[in-house]
Visitor: 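One structure follows; several queries about it will come next.
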Amino acid sequence: MGSSSIFFLCSVLSSFLLYVIMAQPLSTDSRWVVNESGQRVKLACVNWVSHLDVVVAEGLTKQPVDVISKGILDMGFNCVRLTWPLFLFTNDTLASITVRQSFNNLRLVESIAGLQANNPSIIDLSLISAYQAVVASLANNNVMIILDNHISRPGWCCSNFDGNGFFGDQYFNPDIWINGLTKVATMFEETNNVVAMSLRNELRGQKQNVNDWYRYMQKGAEAVHAANPNILVILSGLNYDTDLSFTLNKPVQLTFTNKLVFEVHWYSFSNGKAWETSNPNLVCGQVLGNLMRNAGFVLDQGYPLFVSEFGVDMRGTNVNDNRYFNCFMGWAAEYDLDWALWTLVGSYYFTEGVVGRNEYYGVLNWNWCDIRNSSFLQRISALQSPFRGPGYDEIHPHKLIYHPMTGLCIKRKSIYEHFVLGPCSEAEAWTYTPQNTLTIMGTYFCLQAEELGLPAKLGVICSCSSSEWETISDSKMHLSSKLADGSDVCLDINSNNVVVTNACKCLDRNSTCDPGSQWFKIIDSTRCISATKSSVRINSIFSFMAKNLLAGFSRKHDT
Ligand SMILES: *[C@@H]1O[C@H](CO)[C@@H](O)[C@H](O)[C@H]1NC(C)=O
Ligand SMILES: *[C@@H]1O[C@H](CO)[C@@H](O)[C@H](O)[C@H]1NC(C)=O
Ligand SMILES: *[C@@H]1O[C@H](CO)[C@@H](O)[C@H](O)[C@H]1NC(C)=O
Ligand SMILES: *[C@@H]1O[C@H](CO)[C@@H](O)[C@H](O)[C@H]1NC(C)=O
């Protein structure tokens, strides 16, 4: 790795910039989260863990809190889902332990030097004040904050038998929980950057039931709203936040409107090893079908869906994760969802008996200094800004052809050449016609299959079958066309990043086969494309095509 991979966090920071933080109560406008002027605000968050045994936001032994906060923005996130254990706010004895004592109590003596060096202003604060200091640092650095009640009793989450799973469990008394929610909502009422609270993470276990869900979640939502009417209230479903299906026919009843958001979690292991042991087209199709029935439907009901946990082993070695993530990316782009990646954390102070455990799902590496995998960040960067939504209607709606495996979109390399993948912000704007033609918006030129293994071309005669593109397979993510000889091909990407047509992969349900390179999503976008740029572009296509036609014409006459 070259020096360019050294993360900003490691460099000496001198910041003369002071952001002016705008008051930003957020609300909802149908399925979108919007700001006070009605413009969409896409929540592109990362989870920062602060609910484990030490009850201190992770990483403070490795980096100053402000350096971490700034780094979050530099990585393209605009928000943090900051977890908290209920008892930090309901048990005064716990709340008043100092950070130093808490490390000492767990015999994490060696961590104390790092804490002293990096965060001398936090080390002797009480645990509750340290939590406030982290929130203040995020706010001062212009990061939005979602306060997530992750668990009651500090520690790793979650299991069916940890006593933290559902109302009535050993550590989950609904009254204490309501008190805690009220206390947190009140404590941060003046902190404008605290934009939402998620009431409880991953409800689960033997006791879970729909009646109590309504009873207590509605009560919790009202308590939060009464204490702070500005913030969004985020509700988790049952079964580890994978199931909201019961709300389809029985809407949540609240006294307030335009503040309710639902959340869902989706990992590869939500389906065991299915991704690795079965055909990815099949699994992607089935899992997405379930996901839409269990949670995705809330979008149609006019609520935002916040994917508050997802993630992968960033070493790229987990096949189950890799296959799942191609499917995830297509889904997240298609619906332009709000989300929070699991996780920021490079390593934990102490969890499940292990000191300094490496977190391979973390965007930062073990020392909280470098980015663990910069190509991962590159890959999710297009999802960090909105494709569409209120305030993003400047031009006519168009389509982008998105490639989940790279996180890039199809664009033309130059006027006369083939198509390549590039940043979605520079991508071609397409129209997908009822005849399944993909035409460049505002022109009659279309995407055309030429030959097996060769680049897809810009076509002029768009009525033949080689310019019809169907979405096929169980995943619906292959774009398939027919060559002149009638054979089927699928859009693919070759090793030079060129968009080509190849034989369609993995349609036979072969489980050892990975179709990832052939997965594309035709997604809706209203992202602004500069008018001058696009008209220059279209003019030059015309002149290029005209030249080509003339050349072809003269060739024909020569022979
Ligand atoms: C709302 O968001 C838009 C786009 O980010 C921004 O230009 C505008 O200033 C915001 N309005 C408020 C009141 O924050
Ligand atoms: C409150 O926290 C202290 C310190 O962790 C603990 O010893 C005590 O058992 C807790 N009390 C309750 C009621 O949970
Ligand atoms: C980053 O992720 C990619 C894709 O999964 C993988 O190929 C690569 O080896 C990873 N890099 C590091 C440094 O882990
Ligand atoms: C399944 O796909 C792999 C890799 O593409 C291939 O090597 C293998 O022959 C295929 N198996 C069957 C039964 O088609």
Side-chain angles (χ1 to χ4, degrees), residues 1-2 4-7 19-27 29 32-44 52-56 78-79 85-98 101-102 104-106 126-128 142 144 151-155 163-164 170-173 175-177 179-180 192-193 195 230 268 311-326 328-329 346 358-366 370-380 384-386 388-394 404-407 514 516-517 526-528:
M1 255 196 278
S4 63
S5 67
I6 299 303
F7 183 44
Y19 285 101
V20 180
I21 298 155
M22 312 229 331
Q24 47 187 357
L26 301 180
S27 54
D29 173 359
W32 308 107
V33 174
V34 295
N35 71 11
E36 269 194 307
S37 26
Q39 299 242 37
R40 178 173 187 205
V41 174
K42 180 166 180 170
L43 301 173
L52 299 184
D53 310 57
V54 187
V55 205
V56 176
N78 60 13
C79 141
L86 178 62
F87 293 168
L88 175 60
F89 296 92
T90 59
N91 177 340
D92 292 339
T93 313
L94 178 62
S96 60
I97 293 174
T98 70
Q101 283 165 349
S102 186
N104 271 325
N105 290 347
L106 290 160
S126 65
L127 293 178
I128 201 166
N142 216 24
M144 292 185 286
I151 198 164
S152 297
R153 190 176 180 227
N164 288 272
Q170 185 180 0
Y171 303 112
F172 200 170
N173 175 317
D175 296 328
I176 296 177
W177 175 70
N179 288 343
N192 290 330
N193 275 45
V195 294
N230 285 325
S268 69
V312 291
D313 185 325
M314 301 228 183
R315 291 170 296 184
T317 47
N318 182 326
V319 174
N320 209 46
D321 275 0
N322 295 347
R323 291 178 170 188
Y324 138 88
F325 203 56
N326 289 334
F328 173 88
M329 293 280 283
N358 207 339
E359 171 56 277
Y360 296 109
Y361 282 50
V363 284
L364 299 179
N365 71 354
W366 186 85
D370 300 328
I371 290 174
R372 191 175 288 275
N373 189 328
S374 51
S375 69
F376 178 88
L377 273 187
Q378 196 87 50
R379 189 174 167 196
I380 61 167
Q384 289 174 323
S385 8
R388 56 197 168 106
Y392 291 85
D393 309 326
E394 281 79 11
M405 199 178 91
T406 54
D514 186 351
S517 72
T526 54
R527 267 188 195 177
C528 191

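Keep in mind the model is a prediction, meaning the values are calculated, not measured. Counting starts at 1 for both ligands and their atoms, in listed order.
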Visitor: Is it the case that atom CZ in Arg388 sees more than 12 heavy atoms from other parts of the structure closer than 6.0 Å?
Guide: yes
Visitor: Taking the side chain as every heavy atom from C-beta outward, state whether Phe325 and Phe376 have any atom pair closer than 4.5 Å.
Guide: yes
Visitor: Which protein heavy atom lies closest to atom 6 (C) of ligand 2, and at what distance to 0.1 Å?
Guide: Asn91 ND2, 4.2 Å
Visitor: Quick one: does Leu26's side chain get under 4.5 Å of Asn35's, heavy atoms only?
Guide: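 They are in side-chain contact.
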Visitor: Measuring from atom 10 (C) of ligand 3, which candidate in Asn365, Asp321, Asn373 has the nearest non-hydrogen atom?
Guide: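 Selected option, by shortest heavy-atom distance: Asn373.
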Visitor: Quick test: of every protein heavy atom, which one is nearest to atom 4 (C) of ligand 2, and how far off is it to 0.1 Å?
Guide: Ile97 CD1, 4.1 Å
Visitor: Return a yes/no value for Ser37: is any of its N or O atoms, backbone included, closer than 3.5 angstrom to an N or O of ligand 1?
Guide: yes
Visitor: Please compare Val34, Asn35, Leu26 and report which has the shortest non-hydrogen distance to atom 2 (O) of ligand 1.
Guide: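 The nearest heavy atom belongs to Asn35.
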Visitor: Any N or O on Glu36 sitting closer than 3.5 Å to an N or O of ligand 1?
Guide: no
Visitor: Would one find an N or O of Asn322, backbone or side chain, under 3.5 Å from an N or O of ligand 3?
Guide: no
Visitor: Please say whether more than 12 non-hydrogen atoms of neighbouring residues, nucleotides or ligands are located less than 6.0 Å from CD in Gln101.
Guide: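 For Gln101, atom CD is crowded (more than 12 foreign heavy atoms under 6.0 Å).
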Visitor: Go through the side-chain N and O atoms of Arg372 and Asn358 and say whether any donor and acceptor fall under 3.5 Å apart.
Guide: yes
Visitor: Any idea which protein heavy atom is nearest atom 5 (O) of ligand 2, and the distance to it?
Guide: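 For atom 5 (O) of ligand 2, the nearest protein heavy atom comes out as Leu94 CD1, 3.8 Å.
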